[in-house]
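Okay, structure first, notes after.
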Amino acid sequence: MVNEQNELIKRRFEELEEIKKLGVNPYPHRYDVTHKAADLIKNFTDPKDEAETEARKSVIVAIAGRISAIRRMGKATFCHIKDDTDRIQLYIKKDEVGETPYAILKMLDIGDIIGVKGFVFRTKTGEISVHCVSFELLTKSMFPLPVVKEEITETGEKIVHDAFADVELRYRQRYIDLIVNEGVKETFLNRTKIIKSIRSTLEKYGFLEVETPTLQSIYGGANARPFVTHHNALDIPLYLRISNELFLKRLIVGGFSRVFEFVKDFRNEGIDRTHNPEFTQVEWYQAYGDYNDSMKLFEEAVEQACIAVHGGTKINYQGTELDLKAPWKRIRMIDAIKEKTGLDVLSMKKDEIILYMKQNGIEFDTKLSHSKGLVIANLFEETCEEDLIQPAFVLDHPIDTTPLCKPLREYSLSQLEEMRKDPEQVIFVERFEPYINKWEVGNAYTELNDPILQRRLFEDQVERGRGGEEETHPMDDDFIRAIEVGMPPTTGVGMGVDRIVMLLTNSVNIRDVLLFPLMKPQEK
RNA sequence: GGGGAUGUAGCUCAGGGGUAGAGCAACUGCCUUUUAAGCAGUGGGUCGGAGGUUCGAUUCCUCCCAUCCUCACCA
């Protein structure tokens, strides 16, 4: 916000007027850039002799960027400009650029964008620099930027002085954060690399990128509270998607055999280090495959993304060594519980499991106590998740945890009917959740394509919703019709892109990997 | 939602019941190979907001706001 009263800003307005008086447009239309800072530095070689030094002076480059530091020494000035590749030092002499340009130079500030022409040389102190023959103001900056200084010690260590550290301002004014803070831009370059890599892995296997609605009249595909909005012309409520799962499955019904989509999902829930109300997932669906196929593709996509960013599969996340090399460990949920607690939950009654949890001080959600499957899932989360550091797939979840997944293939049809009638029997489904560093980084199924069972599971969800559970799946008749038309055997995956990016960029907070994380609006 | 921490100049921070201080940035002057440039000087703050206690509050108290950490919720 420009506060006219601020002395520093007032000063810049005065300078702007003086610059205009000198006949200079502080906001010209274009500039021909011939080189980038990183290339100039990378390609520089020291001249062999005097003659070559002289010859170099006629090799003129044009470069543009934002002034990040300026050192005036009377009739000569050094400054650093930053373009999108690197920063480079400029050397400008009064008797070479002329009286008026030098007067303009005196009025330039950190933050202004300039274009310069000159030749590349190495200074006495060894820094590759551009010796300017002319320069042009390209954009006057009216807002004083934080001044971040870098010091290179004798040992080559880089010390950053007075970094722009206020996290709130960094997130709210990301443009400033990107300009002045070292490493921020790199995180987002890596984010793009990761997404590109995942996309290319999927395309390698013939997946087609598609687009499905963000505004939905029935939300679904996950258990979460949605954002509600309203369409004026139709006078109906609409929901921002919590998932695109049901639409991608409709496309499989429609005859696409492999589809994927990177999407923003919106969930009206709490905000913390790993949750933002809007977040990015990539979901993919593969006809004729099962969850084993999805596991292979998932671990390959993450492994490749890691290689794209780090050149290898080993990373250090906040002090934890992780190896993302495929294949990852696979473990059934009930085996994980047995490994950790020694319990064989299948042979225990629901109430025995609950009693065990109470006796052992294990956090227990009483809202879920009506179902043995949910109690088992609850026990798993409270006891096993904390050990899932290295990448692992946790397989075969209780059916009550999701209405969209197919039961294990080992059950016969009649067996399933029997099991449904007995509340002490738990039906498991072909679902897996990949874990890295204790985080769920995705969710996948052998997709349910039995329309009768699908309808029944939705009805169960609606029933549970009436019973007080807050986040149950709504009925979606059109989706059931699509399943009735016939969806081939299919497997599908959702991957939490933001969490993958956090892991691969060593970021502590999801906000560090979102360019513009949600912030409360500011007063005034 | 509970607990803890923080909020002082454009930035990074110190201070502390008597209306504020440093470094960088800004401004003036000197300086034609400097680099956290240097030297000399100058200006800049309703100390997050609202109340209260007090002769007096930026400092103590209460409430509010924002941010961070943490727990809960969100599988």
Side-chain angles (χ1 to χ4, degrees), chain A residues 1-3 5-12 14-15 68-80 87-97 102 106-107 109-111 121-127 129 131 141-153 158-173 176 180-181 222-225 242 267-277 279 333 363 365 367-368 373-374 376-378 380-382 385 394 397-398 400-402 431 433 439-440 443 469-472 508-509 511 517 519-524:
Chain A
M1 210 183 306
V2 176
N3 174 6
Q5 301 307 307
N6 183 291
E7 183 204 359
L8 299 175
I9 290 170
K10 215 158 94 186
R11 174 67 204 165
R12 293 205 177 192
E14 287 164 11
E15 276 171 352
S68 63
I70 193 157
R71 293 177 293 282
R72 303 171 206 275
M73 312 186 55
K75 296 186 182 65
T77 295
F78 286 92
C79 65
H80 274 97
R87 58 175 223 156
I88 191 165
Q89 182 171 254
L90 307 178
Y91 179 50
I92 305 170
K93 285 205 280 189
K94 185 179 181 181
D95 56 12
E96 288 178 348
V97 296
Y102 205 78
K106 278 191 171 168
M107 286 184 275
D109 296 293
I110 288 171
F121 77 115
R122 191 189 286 279
T123 64
K124 261 187 197 167
T125 49
E127 181 162 350
S129 309
H131 189 129
S141 169
M142 305 309 289
F143 191 91
L145 292 176
V147 180
V148 178
K149 295 200 172 189
E150 287 171 18
E151 179 184 7
I152 313 285
T153 62
K158 190 186 273 183
I159 301 172
V160 177
H161 295 274
D162 298 334
F164 179 50
D166 185 310
V167 283
E168 182 184 357
L169 286 179
R170 285 186 47 219
Y171 296 144
R172 286 190 194 280
Q173 299 169 13
I176 293 177
V180 303
N181 280 342
N223 293 349
R225 268 185 282 179
I242 59 172
R267 297 187 184 173
N268 208 338
E269 290 161 358
I271 299 173
D272 66 28
R273 206 170 55 221
T274 55
H275 295 83
N276 193 66
F279 64 101
M333 183 182 278
E363 197 89 30
D365 187 347
K367 285 201 295 282
L368 306 179
L374 292 178
I376 291 171
N378 195 170
F380 165 80
E381 277 162 31
E382 295 301 331
E385 268 189 10
V394 174
H397 298 225
D400 321 66
T401 61
T402 170
R431 173 185 192 178
E433 286 186 317
W439 297 343
E440 292 169 45
N443 184 25
E469 265 185 74
E470 281 189 358
E471 296 181 355
T472 53
V508 182
N509 196 306
R511 289 172 159 181
M519 304 290 285
K520 271 200 189 177
Q522 281 172 304
E523 299 290 313
K524 283 180 228 172

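Each chain gets a letter, A, B and so on, in the order the sequences are listed, and its residues count up from 1.
Listed nucleotides B:rA75, B:rC69, B:rU35 differ in distance to A:Asn509; the shortest reach to its side chain belongs to B:rC69. Residue A:Pro144 has its side chain nearest to B:rG10 when only B:rU67, B:rG10, B:rU33 are considered. Of all nucleotides listed (B:rU67, B:rA75, B:rU34), B:rA75 comes nearest to the side chain of A:Glu440. Which of B:rC74, B:rC27, B:rC69 sits closest to the side chain of A:Asp109 comes down to B:rC27.
Looking at A:Asp166, its side chain has no donor and acceptor atom pair within 3.5 Å of the base of B:rU12. Counting atom types as modelled, A:Arg431 pairs a side-chain N or O with a base atom of B:rA75 as donor and acceptor under 3.5 Å. For A:Glu151 against B:rU35, no side-chain N or O and base N or O form a donor-acceptor pair under 3.5 Å. Put simply, the side chain of A:Thr123 and the base of B:rU34 share a donor and an acceptor less than 3.5 Å apart.
Between the C1' atoms of B:rG10 and B:rC27, the separation comes to 14 Å (whole Å). Comparing B:rU54 with B:rG48, their P atoms sit 23 Å apart, to the nearest whole Å. The gap from the P atom of B:rC60 to that of B:rA66 amounts to 23 Å, rounded to the nearest Å. Remark: the separation of the P atoms in B:rG41 and B:rG16 is 28 Å, to the nearest Å. B:rG45 and B:rA9: their P atoms are spaced 11 Å apart (whole Å).
The residue A:Arg267 sits apart from the nucleic acid: no heavy atom pair falls under 4.0 Å. Base contact: A:Phe121 has a heavy atom under 4.0 Å from a base atom. At the heavy-atom level, A:Tyr91 lies under 4.0 Å from base atoms of the strands shown. Contacts of A:Glu15 with the nucleic acid, taken as non-hydrogen atoms under 4.0 Å apart, involve only primed sugar atoms and P, OP1 or OP2. A:Glu150 comes within 4.0 angstrom of the backbone, heavy atoms only, and of no base. Among the atoms of the strands shown, only primed sugar atoms or phosphate atoms (P, OP1, OP2) are found under 4.0 Å from some heavy atom of A:Ala165.
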Tabulate protein N/O versus nucleotide N/O from nucleotides 40-49 of chain B, keeping only pairs under 3.5 Å, one per line.
from	atom 1	to	atom 2	distance (Å)
B:rG43	N2	A:Glu7	OE1	3.1

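Not one side-chain nitrogen or oxygen of A:Lys10 sits closer than 4.0 Å to the OP1 or OP2 atom of B:rC27. Considering only side-chain N and O atoms, A:Arg11 lies under 4.0 angstrom from the phosphate OP1 or OP2 of B:rC27. Between B:rU67 and A:Arg511, no contact under 4.0 Å exists linking OP1 or OP2 to a side-chain N or O. In this model, the phosphate group of B:rU34 is not approached by any side-chain N or O of A:Arg71 to a distance below 4.0 Å at OP1 or OP2.
For the 3.5 Å distance criterion, the side chains of A:Arg431 and A:Thr401 qualify, holding a donor opposite an acceptor.
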Starting at the 5' end of RNA chain B, what dot-bracket string do you get if Watson-Crick and G-U pairs under 3.5 Å are bracketed, crossing pairs use [ ], other-strand pairs use | and unpaired bases use dots? (((((((..((((....[..)))).(((((.......))))).....(((((..]....))))))))))))....
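Remark: A:Glu150 engages A:Lys158 in a salt bridge (Lys or Arg N to Asp or Glu O under 4.0 Å) (not counting sequence neighbours).
Looking at A:Arg11 and A:Glu15, a side-chain N of the basic residue comes within less than 4.0 Å of a carboxylate O on the acidic one, giving a salt bridge.
To the nearest angstrom, P of B:rA26 lies 6 Å from CD1 of A:Ile110.
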